[in-house]
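The structure under discussion appears below in the form of structure tokens.
Note that this is a predicted model, so its numbers are computed, not measured. Proteins come first, then strands; the chains are lettered A, B, ... in the order of their sequence lines, and each starts at number 1.
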Amino acid sequence: MGIFDRLDQVVSRTVDAINEITFVFTPMAATPNGRSKPDASRSAIEDGKGVFDYIETEYGIELGVRKSYREANDLRALQTGREAFLSVDRAYFPTVADEPQQGDIFEFPEKPDLPRFEVVSVRRDGMSRLSIRLVHLGSQA
Amino acid sequence: MNPDRLVVRLAAVAALNNFLRAPFPTLAGGMIFDSRIQPMEDFKTKKVFPFCIVYTDYDRDHWEHHTVNVKTDRLLTVTFELLVAQVTELPHDEGFVVSQPNTDSELETTLDIFEYQVAKAFKADNAAADCWRHLMVSYVNVISRRGATVEGGSKLAARQITVEAKMPRGPANGALAPAVAHFLDELEKHEEYQERVPVIREMYQSAASLSHAEQLLQTMGWTSEAGHLIGYERGPEVLLPDDIVYVDQSGDPLP
């Protein structure tokens with residue numbers, strides 16, 4: 001392991017130690033259009049640590065614009081919301097198959113005011129962490 | 001407005017995934033999504049391309065009203081997005097496998113085969129395809145467009161097919177067309193839909209509890225006052241008595 005990889009891991013753990021929030025990770029499985037159920041083939045994490053961001057954001061809603069065919073409109077309604085991101089050390093997920101997938105659930109038991117979150121996308125940050133985009137399932141907190 | 005649009009969408013999905021049972025009519029297998037909002041990515045393990053997403057986009061003149069009822073056709077656009085990505089490289093000696101194209105040319109061949117299978121699925125003999133054929137009465141416009149990208153880190157070729165068809169606006173009397181009824185019965189057998197189907201059926205059938213005058217008021221979109229003036233009252237049906245005496249201009253009873 002190179003010195004920079006080692007440094008990155010040290011930084012990653014330090015970041016977690018300072019900013020950590022405890023999460024519970026529940027893998028879910030669903031048919032393409034069905035409701036999801038816990039996926040027993042992948043392991044859940046009861047006591048994970050990660051860095052959670054919940055940033056306020058405002059954006060228009062797009063209404064199916066397919067320009068070359070029929071003109072459509074962007075909706076005039078604006079949605080104000082919060083974008084939820086979770087950064088987690090890849091050490092929690094030993095193989096690619098263990099990594100979170102779209103539809104999996106994250107909960108934050110230390111913060112009971114936060115709703116449950118569903119995974120939208122998972123990207124590796126190029127180093128030792130995963131950057132996970134979430135959508136809330138309950139009301140925003 | 002009737003629930004035809006949502007039934008068309010459910011029928012399209014069910015026709016393309018064969019109610020999520022093998023044999024699947026297309027190379028996407030069960031990966032046919034209804035109006036998917038989440039981005040397409042994260043296909044690391046179980047989920048592999050190709051797949052298809054069904055949307056109902058553009059619905060024109062679908063609200064029944066006396067001003068549109070007779071003059072114009074209702075037009076509905078159903079959009080299919082077919083995506084095929086190169087995810088696995090097969091050894092060259094294994095030859096062409098439709099679901100795992102190796103070259104750009106093979107990718108395009110796979111995509112075209114995919115579209116052919118989609119078109120064919122709506123001609124099949126099953127409740128979903130039959131419901132589609134019943135509701136999409138007449139195709140006005142069928143357009144297929146092609147796109148491709150390498151930006152997601154894999155080669156991906158896509159086709160967007162828009163099918164614009166004339167659609168019925170009724171029936172306004174709460175009757176359920178046999179093709180729709182049969183499809184809803186089939187759909188209800190599946191866990192994912194069994195709670196939704198009764199809601200849809202109720203939307204079709206709710207007008208049955210209205211009087212003829214109320215059904216007409218609802219279809220024509222008249223104000224209650226206009227309805228009253230031309231003799232269509234809300235509430236219980238107004239029936240004329242048997243002993244009506246018709247009179248001529250001078251007030252004498254007509255024979």
Side-chain angles (χ1 to χ4, degrees), chain A residues 27-37 39-43 59 61-75 79 81 83-86 90 93-106 117-124 126 130-137, chain B residues 9-10 12-14 16-17 19-21 24 28-47 51-60 75-81 141-147 152-153 160-164 187 190-196:
Chain A
M28 305 291 275
T31 56
N33 297 301
R35 294 188 176 196
S36 55
K37 293 177 184 153
D39 181 359
S41 69
R42 292 184 291 145
S43 33
Y59 43 88
I61 306 166
E62 195 182 66
L63 175 72
V65 182
R66 309 200 197 281
K67 285 182 176 136
S68 62
Y69 180 52
R70 296 278 193 200
E71 290 299 325
N73 297 318
D74 289 346
L75 298 193
Q79 180 176 359
E83 279 188 294
F85 286 99
L86 182 69
R90 272 172 50 205
F93 310 103
T95 69
V96 173
D98 296 315
E99 285 182 12
Q101 296 176 9
Q102 211 169 55
D104 292 348
I105 300 290
F106 277 95
F117 290 90
E118 187 184 312
V119 173
V120 175
S121 68
V122 181
R123 287 174 198 275
R124 294 184 176 184
L130 292 175
S131 179
I132 303 168
R133 222 172 113 206
L134 304 167
V135 287
H136 40 249
L137 295 174
Chain B
R9 200 173 56 245
L10 294 177
V13 171
L16 294 178
N17 69 13
F19 294 95
L20 223 51
R21 282 181 314 233
F24 296 112
M31 301 298 279
I32 312 292
F33 295 93
D34 179 354
S35 312
R36 188 184 169 95
I37 295 173
Q38 291 195 317
M40 281 302 179
E41 63 134 56
D42 203 16
F43 293 88
K44 288 173 195 154
T45 48
K46 284 183 294 184
K47 300 170 188 168
F51 59 85
C52 167
I53 314 168
V54 182
Y55 309 91
T56 43
D57 254 341
Y58 181 87
D59 203 352
R60 204 193 77 184
L75 292 178
L76 175 75
T77 303
V78 183
T79 301
F80 300 90
E81 287 182 344
N141 237 323
V142 182
I143 300 168
S144 175
R145 293 179 216 81
R146 191 250 178 195
Q160 186 189 60
I161 304 152
T162 49
V163 180
E164 189 178 25
L187 198 65
H190 299 272
E191 195 190 347
E192 290 166 20
Y193 297 102
Q194 64 191 17
E195 286 164 6
R196 250 188 282 180

Handout entry: B:Gln194, CD: over 12 other non-hydrogen atoms inside 6.0 angstrom
Key = yes
Exercise for the section: Take atom CZ of B:Arg21 as the centre, draw a 6.0 Å sphere, and report whether it contains more than 12 heavy atoms from other residues, nucleotides or ligands. Expected result: yes
Problem - Whether A:Asn33 side chain and B:Asp34 backbone form a donor-acceptor pair below 3.5 Å - result: yes
Problem - From CZ (B:Arg36) to CD (A:Gln102), nearest 0.5 Å - result: 4.5 Å
Completion exercise
On a heavy-atom basis, the closest approach of A:Pro32 and B:Gly30 is CG-O, 2.9 Å
Exercise for the section: Sort B:Ile32 into side chain, backbone, both or neither according to what part of it lies under 4.5 angstrom from a heavy atom of chain A. Expected result: backbone
